[in-house]
Structures are given as structure tokens and as C-alpha cells.
Number of protein chains: 2
Amino acid sequence: MIKIAIADDHTMFVDGIESILQKEDDMEVVGRCFDGEEVIHFLKSNTIDILLLDVNLPKMNGIEVCEKTLAKYPNVKILAISMFNEESYVSEILNKGALGYILKNTGRVELIKAIKTVNTGKSYFSKEVTQTIMNGLLKQRKKSQNKKAFYPKISKREKEVLALIIQEHTTQEIAGKLFISLKTVESHRSSLLAKMNARNTAGLVRIALEHKMLE
Amino acid sequence: MIKIAIADDHTMFVDGIESILQKEDDMEVVGRCFDGEEVIHFLKSNTIDILLLDVNLPKMNGIEVCEKTLAKYPNVKILAISMFNEESYVSEILNKGALGYILKNTGRVELIKAIKTVNTGKSYFSKEVTQTIMNGLLKQRKKSQNKKAFYPKISKREKEVLALIIQEHTTQEIAGKLFISLKTVESHRSSLLAKMNARNTAGLVRIALEHKMLE
DNA sequence: ATATAACTAGGGGAAACCCCTAAAATATGA
DNA sequence: TCATATTTTAGGGGTTTCCCCTAGTTATAT
């Protein structure tokens, strides 16, 4: 028996889901919460398998609820439900550990499927949401690609030095590892600063990591 | 008219695609390449809109071809085609700028749709591929989530200092910005090094970025 | 063949790092 | 609520690293 709690501030919506799930004989709705704080409180005295969580909740929003819930009860599977197919929402709540994300216009067949999938520990996204995530992913790739193309001209030796810097080695250690003088390493560092337009080591590391210049 | 080139080392497959595309009166196959080097050579004397690119090509694999092609001809839209729904393949070729990825068992209707979608500059993935990418994404999220939980105890002030360090500000500048003494900032830096288990600024920045400790 | 870039290296000064102490302000917990 | 812990503040003083400048030698490419 899959124990389910529903968290949504619209009574009719909660009732609707509940009536759908009542027809499933391996599912049981054991809790209803109408705001975020209620969820936290409810879980203190109840065990559930799945939390159907609206992203826009009063008092404490779904993203926060998701984070807090999983921090205390990592075995709860969270299926996010939202009116909005917004990339920022989707991305945030997934980062907090939600396993799935479906929209409120999802039909009963898909809802059941989503719950069953999530219950096995797998992720589930409705196809509109999938599209949204993929678009976001593509944007990121394009961004980091552009950036990457901007700083290509780092020599082999400089790359070695850069890698060792990022691994927290001091200039002296790098000199030892590469069998060159300390002053030579310092010289490479200067070239790196100039080429990468960095003011100091911090910038060097940040730019190198942002642009994925290693590998 | 959409000008298309096909790059695949299996003649029958190339012929198959071509016969499908012949029936479309807004598409024209203008080139056939049977290995990677041929593609590069072909593009020197021909202009195309879309390159249907097999990931596993002789002489030069699809990933490399993709990179080289887009470096010279950024307007070419690349639709990757592969036997394998392997996350590493998909991820790599998308990073190199391919717009879409479909499998070789794709039917003609979907192939046409994919080409038309990619031709407008949008991305297209068959649903199996989408699933693969999403799984990869989820794995990554779980990883970075674990890491994040490991270093939580950085105070508000320390976070401010850390952020300014990463923005390449010197200790003196940070002191000025926060209206505190240089020695205080040094003190915060020391605490940061200790808390984050870093040996120096480079490590500080790397760890902070890896674990996304800002925001 | 001759620039251009890469690798090497040193001098000098500034900045960061490291050890310490220490007081006031806040948070936390029992 | 009161004691304890953490955070934020700040300094002294010495060591190391970093950064800038110059400069010679070797690859690399056009």
C-alpha cells in the first residue's frame, strides 16, 4: 500500500486528487495539507511514501518544504505539482531533491503512472515539463560553449600549471613536480593571469572552472 | 529548399534516408559522406543547411566532425543520428553544438519532423534520447546535492567575504567594501580556509564553486 | 627565414598566509 | 534565563606566496 499525502492550498484540487486515488486499491491518501508549515508538522507524527507537493504553497513554498522534508525524511518521494511550467520552478525543486514534476492539467491515468514510477525511486516528468527542462539545458550548453571559445589559447605547460594551482598546490610544489624553477612557475602564472584576464589566483580558478578549461 | 548532407558509413542507411527525403519536395540531399574527413572536405566547396551526422564514423568520429564543422560553419544545423542511446555520446555531441539527436530506428515521419524542427534552429530529441538525457541530469543533481550538504556551516559574513574573493577582489578592497579592517578580513579568510579544508585561495574558490556555496 | 609564441628564470615589492591573542556582539541550548 | 559557543571584530609579527617587470633561449608556424 502506497501512503500518500497531498499538499495544496486549493481544497477542490485536493478533493479531486483524493477521489482519483480512492479508486486505486494500492494507494491510500493519509494526509491533506493546505500550507507548507502543515506539511512539516504532519510528518512529525505520520509516515508516508509519497508527497504530492504543490510548488506554490502559502506560508512556506514548495521548494522550501521539499528541502526541509528530505533533510529529515530522505525516504519520502516527492512528486511536485504545479500550474506553471516555469523552468526556474522546475529546476529549483529538482535541485532540492524532488523526484518528479507534473502539471495540474495532468489526467488521472498519467497521475497514477507518475505516482507509481516515483514510488519505485525513479523520476517522472510530464512531457511538457521534459521539454522545458531540455530547453533550459540547451541554453546552458550554448552559454558555456560561447564562453569556452573565448579563451582557447593556453599553452600545454600553462595548462599543467593551471591544473596544479586548482588542485591547491603552491608555486613551490608545482616547481618541484614539473622540475622547473620556482621563478618559471611564477612566470607561467603571470601569463595565465594575462591571458585569462584575471586579477589574481581567485579569478584564475573561477574562470578556469567556469569555462571548463581543463580536461 | 532545405539542403541536406548525410554522413554515415553504411551505404544502405544513407540510401534509405535519401529515398525518404526525395519524397519531400522542400528537401534536397546535396551530399553523401562515408567518413568524417569526407565531411570536412565536402563542406569546403558546398553549402548546406542541415548535416545528418552519424556519431560513429570512421577516420574521424561524429563528435570531432561536429566540433570542426561548427567552428567553421556555425550556421550549419547538425542532427546527430546513432544506433546507441548512450548518455556519454548524447551529452558529448550536444556539448559540441549539435541541435538534435535521434536514433537509427526512427521512422520516416519522425525523421522529417526532426529535420524541420532543427532547420528552424530549435532542438529535437526522440523520446528515448530525452529520457536518457534526463536520467543523466538527475544523476548530476544528486551528486551536487550530496556535496552541498557537506560544508554548510559558513557564517553570513564569511559568505560575503567569500563572494568578494571569488569576484577577484583583494583583501584590502573587501575591507573597504564591508567597512571593516584589513585584519578582520584576513581573519575571515583564515576561518574560511579552515572550515572549507582548503590550503589556499585557489582551493577556496574551487570548493566554493564546486559546492555552489554562494547564492 | 623570420616573426610569434612558449618556456625558462631572476629581482623587487606587495599581498596573502599563518601563528598568536582578544574583546564585544549574537546565538544557542539546557 | 544564564552559561556556553559562535560570530564578528581587530591587531602583532614573521613567512611564504603572489604579482609585475625584464630578458634570454628554444620551438612553431607561416
Side-chain angles (χ1 to χ4, degrees), chain A residues 40 44 68 71-72 149-209 211 213-215, chain B residues 40 44 68 71-72 149-209 211 213-215:
Chain A
I40 306 296
K44 282 182 183 157
K68 291 221 165 93
K72 279 201 176 174
F150 230 86
Y151 300 97
K153 29 202 169 190
I154 277 171
S155 76
K156 210 189 302 172
R157 203 57 157 172
E158 283 161 355
K159 203 189 251 183
E160 289 182 281
V161 172
L162 180 57
L164 290 168
I165 290 171
I166 293 175
Q167 283 161 38
E168 292 180 64
H169 292 292
T170 64
T171 302
Q172 205 139 45
E173 286 169 353
I174 295 169
K177 273 178 187 287
L178 299 183
F179 304 104
I180 53 181
S181 144
L182 181 121
K183 275 298 176 183
T184 306
V185 178
E186 287 189 340
S187 181
H188 287 308
R189 294 186 78 130
S190 284
S191 308
L192 284 167
L193 287 174
K195 284 186 181 176
M196 292 165 71
N197 243 328
R199 293 180 63 196
N200 51 37
T201 307
L204 214 62
V205 175
R206 180 178 53 79
I207 293 167
L209 292 179
H211 302 257
M213 297 182 73
L214 306 181
E215 288 137 53
Chain B
I40 305 297
K44 282 180 183 158
K68 291 220 166 96
K72 279 201 177 174
F150 231 86
Y151 299 97
K153 30 198 171 192
I154 277 172
S155 75
K156 209 187 304 170
R157 201 59 156 171
E158 283 161 356
K159 203 188 256 182
E160 289 183 281
V161 172
L162 181 57
L164 290 169
I165 291 172
I166 293 176
Q167 284 163 37
E168 295 179 62
H169 293 292
T170 65
T171 303
Q172 207 138 41
E173 286 169 353
I174 296 170
K177 274 179 186 287
L178 300 182
F179 304 105
I180 53 181
S181 143
L182 182 122
K183 272 298 180 180
T184 306
V185 179
E186 280 194 342
S187 183
H188 287 309
R189 292 186 81 130
S190 285
S191 308
L192 284 166
L193 287 173
K195 283 187 182 174
M196 292 166 71
N197 244 328
R199 295 180 62 196
N200 50 38
T201 308
L204 215 60
V205 175
R206 181 178 52 78
I207 294 167
L209 291 179
H211 300 258
M213 297 180 72
L214 305 182
E215 287 136 54

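Note on naming: letters A, B, ... go to the chains in the order of the sequence lines (proteins, then strands), and numbering restarts at 1 for each one.
Counting distance only, with no hydrogens placed and no angle test, the side-chain atoms of K183(A) and the base atoms of dG24(D) include no donor-acceptor pair under 3.5 Å. Counting atom types as modelled, S187(B) pairs a side-chain N or O with a base atom of dT9(D) as donor and acceptor under 3.5 Å.
Separating the NZ atom in K159(A) from the CG atom in L192(A) is a distance of 11.5 Å, to the nearest 0.5 Å.
Of the candidates dT17(D), dA9(C), dA10(D), dT17(D) carries the atom nearest the Q172(A) side chain, counting heavy atoms from C-beta on. Nearest to the side chain of E186(B), among dT8(C), dA10(D), dC18(C), sits dC18(C). For T170(B), the listed nucleotide lying nearest its side chain is dA15(C); candidates were dA15(C), dG12(C), dT9(D). The side chain of T171(B) has dA16(C) as its nearest neighbour among dA16(C), dC20(D), dG11(C). In this structure, the nucleotide among dC19(D), dA10(D), dT8(C) sitting nearest to the side chain of R189(A) is dC19(D).
Remark: S181(B) is in phosphate contact with dG11(D), judged by side-chain N or O atoms under 4.0 Å from OP1 or OP2. For dT9(D), the OP1/OP2 oxygens have no side-chain nitrogen or oxygen of T184(B) closer than 4.0 Å. For K156(B), no side-chain nitrogen or oxygen approaches OP1 or OP2 of dA25(C) to under 4.0 Å.
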Can you give each donor-acceptor pair under 3.5 Å made by side-chain atoms of residues 176-187 of chain A, sequence neighbours left out, with the distance rounded to 0.1 Å?
unit_1: S181(A); atom_1: OG; unit_2: K183(A); atom_2: N; d: 2.8
unit_1: K183(A); atom_1: NZ; unit_2: E186(A); atom_2: OE1; d: 3.0

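Within 4.0 Å of T201(A), counting heavy atoms only, lie sugar-phosphate atoms of the nucleic acid but no base atom.
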